[in-house]
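Just the heavy atoms: all of them, side chains too, but no hydrogens, waters or symmetry mates, feed the values below.
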Amino acid sequence: MISTESWADARRLWDFHQMHHEPRPCSVAVGLGSHDLGVADAAVDLYKRGMAPLIVFTGATSRTTRERMPRGEAVHYRERALELGVPSSNVLVEPNARNTGENIRFSKALLEESGANVSSVLLISKPYEERRAYATARKLWPEVEIVSASTPMTFDDYVDSIGDARLVLDMLVGALQRLLIYPEQGFMVSQSVPDDVAAAYERLRSAGFTSRLVPDGVGHVLKKPS
């Protein structure tokens with residue numbers, strides 16, 4: 001059973017992980033590969049709304065996607081976009097990235113090779129990965145404007161879509177941990193974590209929602225809002 005306190009703490013993390021950016025027209029939309037085809041659907045929706053003239057899907061496979069997406073996350077995303085009516089000439093595939101940093105670096109290189117003029121990026125991820133993706137892009141692609149986006153959905157709807165509430169809470173905790181420790185490792189820019197979010201994170205860790213944590217070695221420092 002998940003306690004009422006843990007549910008409330010998870011909602012705090014869910015809200016913090018989203019950047020709450022208002023979608024606006026950008027040079028390109030970049031969809032980050034994962035198990036969630038909703039990223040492709042969100043990219044197509046934004047494309048059809050005129051928010052980007054070009055889509056890049058990026059991602060190889062992982063242990064969670066190799067069975068569902070044997071041809072690679074980016075390839076399956078592209079196939080989904082074509083099914084939904086996006087012209088093939090407006091969808092590029094980057095099939096090699098295996099983490100968020102590679103998603104950003106390899107997409108940037110692909111766009112440079114294609115001759116695209118990029119000044120802004122509509123960065124599309126899973127809802128709880130918005131802040132992590134944004135922080136990574138700000139570190140690795142600082143010369144462009146980053147607008148974060150994901151499938152609009154509530155926390156309850158996302159839990160229902162995954163079908164495993166405990167896994168969702170584990171993922172929220174793991175994503176927050178990475179925001180804390182990855183800046184020290186040079187993977188992303190540092191961001192302030194509000195006190196209530198930091199406290200919720202620590203309570204969830206103590207409650208055992210730890211399956212998606214990575215070894216942090218030197219520990220972590222919670223940064224207060226600036």
Between [Y] and [X], is there a side-chain donor-acceptor contact under 3.5 Å, judged purely by atom types and distance?
{"X": "Q191", "Y": "R131", "value": "yes"}
{"X": "D157", "Y": "T154", "value": "yes"}
{"X": "E130", "Y": "S125", "value": "no"}

Of the non-hydrogen atoms in [X] and [Y], which two are nearest, and what is the gap between them?
{"X": "S150", "Y": "A42", "result": "C-CB, 4.2 Å"}
{"X": "S161", "Y": "M153", "result": "OG-CE, 4.1 Å"}
{"X": "S27", "Y": "P53", "result": "O-CD, 3.3 Å"}
{"X": "T58", "Y": "N103", "result": "OG1-ND2, 2.9 Å"}
{"X": "I104", "Y": "W141", "result": "CG2-CE3, 4.0 Å"}
{"X": "V56", "Y": "S107", "result": "CG1-OG, 3.8 Å"}

For the atom pair [atom1] ([X]) and [atom2] ([Y]), what is the distance rounded to the nearest 0.5 Å?
{"X": "L54", "Y": "N117", "atom1": "CG", "atom2": "CG", "value": "12.0 Å"}
{"X": "L169", "Y": "W14", "atom1": "CG", "atom2": "CH2", "value": "11.0 Å"}
{"X": "L172", "Y": "Y201", "atom1": "CG", "atom2": "OH", "value": "12.0 Å"}
{"X": "R78", "Y": "R80", "atom1": "CZ", "atom2": "CZ", "value": "15.0 Å"}
{"X": "Q185", "Y": "R178", "atom1": "CD", "atom2": "CZ", "value": "10.5 Å"}
{"X": "M51", "Y": "I124", "atom1": "CE", "atom2": "CD1", "value": "11.0 Å"}

Do [X] and [Y] have side chains that get closer than 4.5 Å, going by heavy atoms?
{"X": "E145", "Y": "V147", "value": "yes"}
{"X": "L204", "Y": "S6", "value": "yes"}
{"X": "R132", "Y": "M188", "value": "yes"}
{"X": "M171", "Y": "E129", "value": "no"}
{"X": "I162", "Y": "H35", "value": "yes"}
{"X": "F16", "Y": "L179", "value": "yes"}
{"X": "D15", "Y": "Y128", "value": "no"}
{"X": "R12", "Y": "D196", "value": "yes"}

Any chain of hydrophobic side-chain contacts (each under 4.5 Å) joining [X] to [Y]?
{"X": "V86", "Y": "V30", "result": "no"}
{"X": "L110", "Y": "V144", "result": "yes"}
{"X": "M19", "Y": "V121", "result": "yes"}
{"X": "V75", "Y": "F106", "result": "no"}
{"X": "Y158", "Y": "L176", "result": "yes"}

When you measure from the side chain of [X] to the backbone of [Y], do you find a donor-acceptor pair of N or O atoms at a distance under 3.5 Å?
{"X": "E73", "Y": "H76", "answer": "no"}
{"X": "H21", "Y": "A149", "answer": "no"}
{"X": "E94", "Y": "N96", "answer": "yes"}
{"X": "K126", "Y": "G33", "answer": "no"}

So with a 6.0 Å cut-off around CG of D164, is the heavy-atom count from everything else above 12? yes
Going through the distances and angles, do L46 and L122 end up as a side chain to side chain contact (heavy atoms under 4.5 Å, CB included)? CA-CA 9 Å; L46 290 162; L122 193 56; 3.6 Å; yes
When you look at V39 and T151, which way does the side chain to side chain contact (heavy atoms under 4.5 Å, CB included) test go after all the steps? CA-CA 7 Å; V39 173; T151 302; 6.0 Å; no
Using a strict 4.0 Å threshold on nitrogen-to-oxygen distance, state whether K108 and E143 make a salt bridge. yes
Electrostatic pair D9:R205 at N-O distance under 4.0 angstrom: no
Walk me through whether V197 and L13 qualify under side chain to side chain contact (heavy atoms under 4.5 Å, CB included). CA-CA 6 Å; V197 174; L13 265 62; 4.1 Å; yes
May I ask you to establish whether R166 and F209 are in a cation-pi arrangement, using a distance under 6.0 Å from NZ or CZ to the six-membered ring centre and at most 45° from the ring axis? yes
Set out, in order, the CA-CA distance, both residues' side-chain angles and the distance that settles side chain to side chain contact (heavy atoms under 4.5 Å, CB included) for I55 and L92, then state yes or no. CA-CA 6 Å; I55 301 172; L92 299 180; over 6 Å; no
When the ring planes of F57 and Y77 are compared, do they come out parallel, tilted or perpendicular, using 30° and 60° as the limits? perpendicular
